[in-house]
K.L.:
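My questions will all concern the structure given below.
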Amino acid sequence: MSKIRGGNGNNVAQEPPKKLKKVTFWQQYRRKPLGMLGLCIVVVYVLAAIAAPIITQYDPTKDLFLADNLAAPLWMKNLSEKYKDAPVTISKTVDLDGWNVTEGADFSITKTTYDEEDFMLIDMPAASSSGEQDPMMEILKDIYTPEELAEMFGASAAAKTSFSMDFTFPYNYSPPNTFNFTFDYAVEGSSPEATTVARLLIISPSGKEYDIWGMDAYGDWPISYITVDGRDVPVKMRLGLGFFDDPSKIILSEKGDYKVKFMVETDSSTGAKIYITPVKINIPGLLHGILGTDHMGSDLWSQLIYGARISLLIGLTAAFISVFLGTTVGIISGYVGGAVDEVLMRFVDVLLAIPSLPILIVLSALLGTSVWNVVILVAMFSWMGTARLVRSQTLTLKERAFVEAAKASGATDGYVMVTHILPNVMPLVFSALVLRIPSAILTEASLSFLGLGDPRVPTWGRMLQNARGFGAFTVMAWWWLLPPGLALTFLSLAFVFIGNTVNEILNPRYRERS
Amino acid sequence: MRRTLAIIAMVVMMVSMIGVAAMAYEKTGPRVDEIIMPIIKEQQARLIAFERGDSVVIPGLTAAAEIAKVKGLPNAAVNMNYGYHMFYMCFNMRKDPFNAQVVRQAVAHIVDRDNIIRTLFAGNMLPLSSFVPQASPFYKSDVPVYPYNPTKAKQLLDAAGYVVGKDGKRIDPTTGKTMREVKFYTPTYEVAATSAEIGRIIVEAMNAIGIPAKHEPMDFNVMLDKLDVADFDMFALAWSLSRNPDFLYDFFHSSQDVEAGYNRPGTHDAQLDKALEKLYTPVDLKTAKAAADASQLILARLMPYVPLYSRPYIDGFRKDVVKGWVSMNGFGAANYNNIWTTLNIERVSGTGGTIRWMLTEEPKNLNPVTASQAYEWEVLGRVAPMGGLRQIDPVTGEDIPWMAKSWEIGQWQVSPGKFGTLITWNLRDDIKWSDGVPFTSADVKFTLEYLRDNKAPRYLSATQNIVKVETPDKYTAKVYFSNTSYWNIDKADYCGLPQHIWKDVKDYKAFEPWKEAHPTVAGMTKLVGLGPFVLKEYKVGEYVRMIKNVNYFALPTK
Amino acid sequence: MGFRNYLLKRLGYALLVLFIILSLNFLLFRIMPGDAVSMIMDPKFDLATKEELRSQFGIDQPIGTQYIKYLKSLLSFDMGRSFNTRRLVWDELKERLPNTLTLFFASFITTAAVGISLGVFAAARRGTFAENFVTGAGLFAYAVPGFFIQLMLLMIFGYYWPILPIRGTMSAPPPPGAMAQFLDRLWHLILPAGSLMVISFGSWALYTRNTMLEALGQDYIMTARAKGLDKKTVLYKHALRSVLPPILTLIFMSLPGAVTGAVITETIFSWFGVGKYLIDAVMQQDYPAAQGAFYLIALSVIVSNLLADLAYGLVDPRIRVGGGAK
Amino acid sequence: MAMLEVKDLTMYYKTLRGYVKAVDSVSFELEKGKALGLAGESGCGKSSMATTVLRLLPSNGNIMGGSVKMDGKELVSLSEEDFRKEIRWKRMSMVFQGAMNALNPVHRIGDQIMEAILAHENVSKQAAKDRMLNLLDMVGINPKRYNEYPHEFSGGMKQRVVIAMALACNPDIIIADEPTTALDVMVQAQVLTAMEGLRKKMGLGMILITHDLAVIAQTCDDVAIMYGGKIVEYGSAKDIYLKPRHPYTMGLVKAFPNIAAEKQKVRSIPGSPPNLLSPPEGCRFNPRCPMATDKCRTEEPPLVKSQKGEQKVACHRESEIEEGVDIWQ
């Protein structure tokens with residue numbers, strides 16, 4: 001269907017002096033308010049894309065679990081009763097200075113390093129020398145000789161030394177969904193049959209004690225990497241809860257100062273060295289940042305900002321490739337004519353007849369979902385319009401005197417195409433380029449939205465897909481849906497404004513066509 | 001040994017914590033007149049439907065957000081049971097470095113199951129470190145385990161001579177060179193984000209202890225092709241296992257290490273082979289149990305796989321609308337295999353009426369011979385189950401009589417000196433197909449022979465050893481197997497094809513029984529079965545509607 | 001060039017496109033990773049079973065033979081069996097086609113009706129709010145990602161004020177009675193078809209307005225007015241009638257877009273249709289299913305292109321009568 | 001009493017930048033059966049004049065004042081509906097500029113003519129059809145072709161169809177707006193002859209709008225020369241064509257030499273028509289007039305009876321121009 005109009009060729013100025021034209025173009029452009037608005041929006045996006053690492057401190061793909069999954073934006077605190085008291089991520093490491101040693105005797109506690117990590121070393125004295133005595137042992141001591149006792153209970157059974165330390169942290173929010181404590185723990189220098197018992201307790205402001213972790217070490221114990229998490233089955237089990245109960249909702253249901261207590265008790269006759277790293281405490285917040293978090297606890301604001309990079313990159317590259325292809329084909333087809341023209345135009349027709357979104361879906365599933373595949377695919381299926389436009393323009397240019405003259409003076413076809421035709425189709429090409437950008441951006445967004453985008457790259461389409469797929473509806477997280485959609489809308493609107501303005505100035509005759 | 005025991009004790013405690021609470025249930029039913037199953041594929045739409053009461057059963061909850069949401073609804077009850085799912089990491093034992101047991105054990109020590117479950121599944125998976133799932137009656141709890149401990153892993157490697165070289169990578173003591181980089185295959189992030197993430201985490205941990213490794217997510221099919229020819233170092237995938245541990249033979253017996261065989265790790269261990277052979281053809285339950293125990297113990301030492309976690313069955317019920325669901329390990333409360341829930345579930349307001357029960361996928365062609373997916377069985381299992389001569393007791397996990405009053409496991413002489421299993425079923429005499437035709441031993445014979453003769457892929461392994469089926473009278477069926485194995489009892493429990501319908505079916509693959517009208521009974525389709533319900537309507541893409549089977553043999557007496 | 005020649009040329013051309021798409025379809029799905037058997041492979045199949053399956057799916061034959069067979073079978077709508085469901089793809093598509101067509105016509109007709117009448121309205125009342133609205137809506141349609149609008153509508157009317165169904169083509173089960181069922185269907189159509197309308201009526205209206213304005217500036221409109229015809233006659237019989245060819249062409253030319261636009265809409269509203277089938281098939285790498293769905297969509301695009309040509313020819317007397325050299 | 005009496009008719013187009021004074025206090029009369037020529041360069045307001053009289057103005061065209069009387073009946077104040085029903089085509093029809101486009105390409109020509117008849121007269125379709133066939137025959141088109149579309153006719157034939165259409169309701173006045181532009185000279189002559197013949201035969205009044213004074217001289221009784229929305233010279237065709245008194249008319253006559261006359265130098269008037277958004281002060285022709293004085297630049301000349309001829313002229317210096325002197329030399 002090549003219903004091309006506009007073939008009388010009076011619409012292109014005859015090679016006007018370039019420098020002058022540039023000045024006039026900008027002067028004309030400046031007067032168009034919509035064009036300027038579009039330009040301003042694009043500038044804002046470009047700045048955001050460039051300055052992304054400054055605008056946001058998080059990496060959208062690497063920084064996960066910054067807060068709980070689907071955390072709401074911080075400002076929701078003021079808008080919704082539900083989020084009034086919701087916690088913000090609490091994350092801190094308590095080293096030796098933070099602990100308050102309350103109990104025990106004759107021990108020493110020092111900072112040390114072990115396997116290149118900072119540790120606290122608690123040097124426990126031999127059990128027999130001090131420490132609280134088991135009242136039963138007191139009685140048995142009177143009845144049996146030490147040898148007999150050792151035979152019955154092992155070398156150190158008679159006595160125990162214990163140690164405890166604690167720290168306090170304030171918690172003044174509604175209960176979180178979980179909490180966790182992370183540390184490494186080891187026992188050294190214990191007598192082989194001794195037992196060293198360690199425990200971690202949380203004491204609520206009202207004095208309720210929750211025993212969330214414990215370990216019985218027999219003899220020496222190699223370094224163990226401990227994480228105690230409110231979601232862990234062992235924790236629920238220790239607390240006597242069911243599989244679906246949330247320890248955090250029970251433990252952190254009060255507001256005030258919580259005490260975390262670490263206790264060790266050993267019956268080693270040789271004393272024991274207890275190694276423990278500074279304890280990391282993390283309570284993932286239900287409120288986070290400017291736009292909250294996604295289903296992986298990743299910052300949505302940084303996804304939005306970094307999304308500008310990807311979208312601009314994709315839009316520009318795809319549009320550039322597409323327009324480059326279209327221009328090349330259009331000029332060759334129009335200039336060479338004959339069979340070449342016929343073949344190329346039939347090819348264009350066929351491509352135009354192929355449903356573009358379905359083929360993009362099929363192809364991107366086939367070729368894999370990388371950003372570059374998407375760019376190339378989008379470009380491959382969008383150059384045909386430009387080719388037709390450029391071809392018809394070339395056809396009229398071909399008949400013009402300056403082309404005839406160049407040909408008569410013996411210039412090669414290639415030379416004529418590049419030096420005479422190309423500069424004259426540039427206004428068309430330029431506006432085609434600008435108008436191609438938003439459609440490339442939107443196509444990429446659609447593909448990403450359908451789950452055919454690059455999963456490792458934060459794009460707005462992907463954000464929308466995640467929002468749909470991972471619960472934005474169920475928690476009514478409009479702050480997850482709205483920003484990427486609006487970002488897309490404004491960006492493509494901006495390019496449309498620019499494109500229309502450029503078209504109005506450069507190609508008034510073609511205004512309504514592309 | 002004390003240490004190991006302490007850890008085992010913890011595992012046992014967990015089992016008891018999650019174990020089946022005794023629930024009241026009857027062996028009669030169904031108690032509702034109609035079940036409507038809207039087909040809703042999207043998670044969020046399912047949640048909304050459940051919240052609004054458009055559907056009062058939401059089976060098979062998996063996503064953390066989903067579970068959290070259902071858990072948070074005041075009128076919802078969540079039920080959790082052990083399943084037979086197993087996510088594992090497999091080593092290629094045919095080549096270095098995983099031909100060395102110590103390397104496998106070291107890697108086993110760096111798998112932080114709790115952390116994986118917590119961060120990737122928000123705690124909704126069960127850590128698994130055994131080769132037989134906990135839900136199985138053959139699960140052995142007291143085998144050595146490899147708790148997360150990188151230090152221990154390093155110590156093991158150091159002790160075995162895998163010392164750390166200058167570049168931080170360990171040196172293979174057999175060659176004296178730096179260990180080669182192993183590739184860890186997982187599905188891609190697009191297909192299975194959590195599996196891919198696990199790959200990333202494990203590879204990071206391996207590199208941290210000096211085993212050079214690289215994570216390679218790949219297309220599922222490409223991966224399977226590679227696994228078929230044992231072209232891999234390690235990979236992670238999931239199995240859906242079963243109650244009987246005879247799968248261990250397929251997975252780990254040396255005879256199964258062939259191209260596209262099941263023995264993916266390439267286990268060749270004479271002792272294990274012996275134990276597995278015993279497990280494969282036990283004469284009775286006792287030998288089966290003993291062989292299963294022995295096999296699990298040897299495997300725990302060998303570590304051809306590192307089991308990571310098992311997905312439990314988590315089902316949601318609107319407790320303000322329904323009651324009577326029955327918890328059952330291995331299948332969950334809302335699964336079609338759990339006939340007790342199908343029979344006992346009823347409206348809070350009393351017997352009768354309709355309940356709406358979510359279906360998460362299209363049940364497809366509803367042909368019991370070709371049906372391969374759980375969604376099909378969610379309907380077929382209630383309408384036209386293939387087996388059911390016995391059922392599993394939801395509390396004890398043992399087999400109990402159902403459509404067969406009793407059975408005997410015996411032997412017969414296949415050929416001189418060679419013996420095979422002989423199963424004798426004594427059927428109840430009051431059972432009718434859903435179209436009213438009496439159910440007899442001829443139907444059992446027909447079903448088994450039909451499946452065997454047509455080599456239906458799904459039933460191939462079950463029926464290939466059946467020599468013949470005899471029906472001395474209407475309610476006795478004798479099934480003769482060419483081999484001896486206790487497990488043959490399960491292979492003989494197929495009876496769901498009504499002879500009077502299926503004898504005329506020409507191409508079983510193309511047969512869609514629910515689309516063809518019943519030859520004699522008006523308003524029925526050819527989907528005739530022995531289930532408590534009858535398929536009333538299937539609107540493709542929208543819903544399935546089942547009504548009470550008025551010919552069901554276990555209807556409650558009034 | 002007479003109308004017949006014109007038609008024949010267009011038809012031949014459509015066949016060429018069909019052939020190319022078929023070949024492309026064939027090639028595309030041969031370069032997919034893995035093969036059909038591994039796709040449907042149950043790990044429990046042995047090698048013999050796999051071979052059997054390979055021959056069932058015909059992928060053990062040379063590529064040329066496969067191609068011929070493929071062409072023959074697709075032309076007779078034999079699209080093979082889905083790897084996933086093992087049912088005939090054409091059967092599955094047939095189940096979905098009515099839904100897709102329903103959604104398609106409902107949205108298309110409302111969009112065209114609203115778009116064209118708004119466009120005419122705006123053209124008849126230059127400089128009024130209506131005109132600004134139409135221009136704005138046209139721009140909006142061009143710049144806003146449609147699926148975003150649909151998501152927002154879904155969120156607002158499906159979740160926040162749950163007054164409309166969020167998915168599906170009917171209630172499960174639908175209410176008894178033909179009328180009630182019809183209304184139930186309509187009820188489920190509101191969001192998907194309505195959102196499609198919201199997204200796309202603007203470009204229709206804008207196009208209609210532009211062509212109408214162009215037509216209203218024509219001398220023959222002046223003639224018509226001078227003849228003393230009343231406003232309505234001038235507007236509809238003369239102006240609208242004379243822009244019908246381009247609008248009709250637009251209608252048919254946007255058919256393909258509407259067909260493919262349904263892919264996303266069906267996905268968002270879980271509409272049990274061909275578009276969703278394509279997406280599902282592609283996601284599950286179910287080649288025959290994806291191939292079949294793609295073929296069907298491509299075919300509908302070709303047919304609608306052909307219809308566009310036909311309609312253009314029929315409506316524009318310059319082609320119909322066959323003078324048309326100018 | 002003249003059949004059509006236009007007095008001080010003023011019509012401005014309202015645009016964003018202000019009023020375009022397209023028709024500014026224009027007065028003329030048309031007797032029954034007579035022909036009036038309206039001449040001037042393009043953009044001088046002749047076509048606007050016609051559309052104003054027929055009230056076919058675009059939405060931004062406003063009649064600011066003056067009156068149009070037909071048989072003494074005021075038309076400006078007539079309601080739109082009455083005007084449409086009573087006046088258009090029935091009393092006054094129009095042949096538009098560019099006959100090519102005056103016919104709707106998607107309707108058959110017969111229908112287009114019948115439509116006009118049916119819109120105004122309560123006659124049967126058959127009667128309308130008969131009259132249409134008759135009309136086609138009258139303008140020299142084979143009536144059998146009534147069922148064809150405009151694109152099947154040549155330009156001259158289309159113009160005849162348009163003329164036939166204009167005659168459809170037996171109007172009293174035909175306004176012909178450049179009826180022969182875009183036709184080649186031979187066809188122009190044919191069409192004009194045909195039209196003139198018909199007009200005479202039917203005793204119609206006609207306003208002929210053209211820039212070609214020669215055509216007017218051949219066909220019209222009276223002439224009004226327009227410049228910049230105003231009439232600058234008004235009188236009998238003979239007077240004006242042979243003895244123009246306004247410098248502009250003089251230029252115009254020179255620009256369109258009579259084919260039949262002896263060889264003359266063809267010259268166009270230098271400069272361009274005024275911008276009617278802000279027309280020049282004083283005489284609107286002053287920027288282009290070789291005789292312009294300060295008075296011409298400040299004071300608008302009234303249209304008054306010429307001192308040296310029969311016609312009315314709007315020029316301050318009319319009396320100073322000697323007859324036969326070529327001021328454009």
Side-chain angles (χ1 to χ4, degrees), chain A residues 64-65 68-70 114-115 177-178 180 182 184 186 193 195 214-219 221-238 240-247 249 284 295-297 365 368-369 451-456 467-475, chain B residues 1-3 6 10-11 13-14 16-18 21 42-48 51 63-72 77-81 110 112-115 117-127 147-155 188-190 193 196-197 217 219 312 314:
Chain A
L64 304 177
F65 310 114
D68 212 328
N69 304 340
L70 306 187
Y114 184 95
D115 210 12
N177 287 337
T178 188
N180 61 64
T182 314
D184 301 349
E193 287 304 312
T195 310
M215 181 183 261
D216 293 6
Y218 304 94
W221 194 262
I223 290 187
S224 299
Y225 303 87
I226 313 293
T227 299
V228 186
D229 191 288
R231 289 167 298 197
D232 290 351
V233 170
V235 173
K236 295 177 189 176
M237 202 178 67
R238 267 189 100 82
L241 301 173
F243 185 79
F244 293 112
D245 292 330
D246 279 336
K249 298 269 184 248
H295 59 296
M296 294 291 280
T369 51
L452 294 161
D454 192 327
R456 284 163 293 274
R468 189 172 91 95
F470 294 100
F473 285 148
T474 30
V475 297
Chain B
M1 206 58 204
R2 270 170 80 186
R3 265 168 242 181
M10 231 166 90
V11 174
M13 262 169 73
M14 266 169 62
S16 64
M17 166 185 150
I18 304 160
E42 314 69 33
Q43 194 197 86
Q44 301 197 38
R46 281 202 294 272
L47 289 174
I48 291 295
E51 192 176 359
E66 205 181 11
I67 295 166
K69 171 88 184 176
V70 174
K71 218 163 68 172
V78 219
N79 194 289
M80 189 275 251
N81 289 107
I110 57 159
D112 189 352
R113 292 183 182 79
D114 283 340
N115 189 44
I117 290 170
R118 174 193 310 137
T119 51
L120 300 181
F121 304 103
N124 290 308
M125 294 290 176
L126 295 166
Y148 171 65
N149 196 329
T151 319
K152 179 86 185 160
K154 283 185 206 165
Q155 284 168 359
T188 56
Y189 276 90
E190 292 88 328
E197 186 60 18
D219 178 79
I314 300 176

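Bear in mind that the values here come from a model prediction, so they are computed numbers and not experimental data. Atoms considered below: every heavy atom in the structure, side chains included; atoms not considered: hydrogens, waters and symmetry mates. In what follows, every chain begins at residue 1, and chains take the letters A, B, ... in the order their sequences are listed.
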K.L.:
Would you mind checking which part of B:Asp112 comes under 4.5 Å of any heavy atom in chain A, side chain (CB onward), backbone (N, CA, C, O), both or neither?
P.N.:
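No part of it gets close to chain A.
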K.L.:
Give the C-alpha distance, both sets of side-chain angles, the deciding distance and a yes or no for salt bridge (charged side-chain N to carboxylate O under 4.0 Å, His left out) between B:Glu42 and A:Arg468.
P.N.:
CA-CA 10 Å; B:Glu42 314 69 33; A:Arg468 189 172 91 95; over 6 Å; no
K.L.:
Give, as side chain, backbone, both or neither, the part of A:Tyr225 having an atom under 4.5 angstrom from any heavy atom of chain B.
P.N.:
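Both the backbone and the side chain of A:Tyr225 come within 4.5 Å of chain B.
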K.L.:
Hey, could you give me the CZ/CZ distance between A:Phe65 and B:Arg118, rounded to the nearest 0.5 Å?
P.N.:
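Output value for this atom pair is 10.5 Å.
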K.L.:
Is chain B contacted by the side chain of A:Ala186, its backbone, both, or neither, given a heavy-atom distance below 4.5 Å?
P.N.:
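For A:Ala186, there is no contact with chain B at all, as no heavy atom is under 4.5 Å.
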K.L.:
Which bit of A:Asp246 comes within less than 4.5 Å of chain B, counting heavy atoms only: side chain, backbone, both or neither?
P.N.:
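Side chain only.
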K.L.:
If I measure from the heavy atoms of chain B, does A:Asn69 come under 4.5 Å with its side chain, its backbone, both, or neither?
P.N.:
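Looking at A:Asn69, nothing touches chain B.
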K.L.:
Does any backbone or side-chain atom of B:Gln155 lie under 4.5 Å from a heavy atom of chain A? Answer side chain, backbone, both or neither.
P.N.:
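B:Gln155 touches chain A through side-chain heavy atoms alone.
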K.L.:
For side-chain contact (heavy atoms from CB on, under 4.5 Å), just list the numbers for B:Ile314 and B:Asn79, CA-CA rounded to whole Å, side-chain angles, deciding distance to a tenth of an Å, and then say yes or no.
P.N.:
CA-CA 5 Å; B:Ile314 300 176; B:Asn79 194 289; over 6 Å; no
K.L.:
At a 4.5 Å cut-off on heavy atoms, which part of B:Asn115 comes close to chain A: side chain, backbone, both, or neither?
P.N.:
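Looking at B:Asn115, nothing touches chain A.
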K.L.:
Less than 4.5 Å to any heavy atom of chain A: does that hold for the side chain of B:Ala63, its backbone, both, or neither?
P.N.:
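Neither; nothing under 4.5 Å.
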K.L.:
Find out whether A:Met215 and A:Ile226 are in side-chain contact, i.e. whether some heavy atom of one side chain is under 4.5 Å from a heavy atom of the other.
P.N.:
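Counting from C-beta outward, A:Met215 and A:Ile226 do come under 4.5 Å.
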K.L.:
Determine the option with the most heavy-atom pairs under 4.5 angstrom with chain A, choosing from B:Gly123, B:Ala64, B:Pro312.
P.N.:
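Greatest number of close heavy-atom pairs with chain A: B:Gly123.
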K.L.:
Hey, are A:Thr178 and A:Asp68 close enough side-chain-wise for a donor-acceptor pair under 3.5 Å?
P.N.:
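No - no donor-acceptor pair under 3.5 Å links their side chains.
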K.L.:
Can you say whether B:Gln44 sits under 4.5 Å from chain A via the side chain, the backbone, both, or neither, judging by heavy atoms?
P.N.:
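Contact with chain A: backbone and side chain both.
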K.L.:
In terms of heavy-atom proximity below 4.5 Å to chain A, should B:Leu47 be classed as side chain, backbone, both, or neither?
P.N.:
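Only the side chain of B:Leu47 comes within 4.5 Å of chain A.
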K.L.:
Any Lys/Arg nitrogen of B:Lys69 or B:Glu51 sitting under 4.0 Å from an Asp/Glu carboxylate oxygen of the other?
P.N.:
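Here B:Lys69 pairs with B:Glu51 in a salt bridge, since their nearest N and O are under 4.0 Å apart.
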K.L.:
Run the side-chain contact (heavy atoms from CB on, under 4.5 Å) test on B:Tyr148 and B:Arg113 for me, step by step, so that the C-alpha distance in whole Å, both residues' side-chain angles and the decisive distance to 0.1 Å come before the verdict.
P.N.:
CA-CA 8 Å; B:Tyr148 171 65; B:Arg113 292 183 182 79; over 6 Å; no
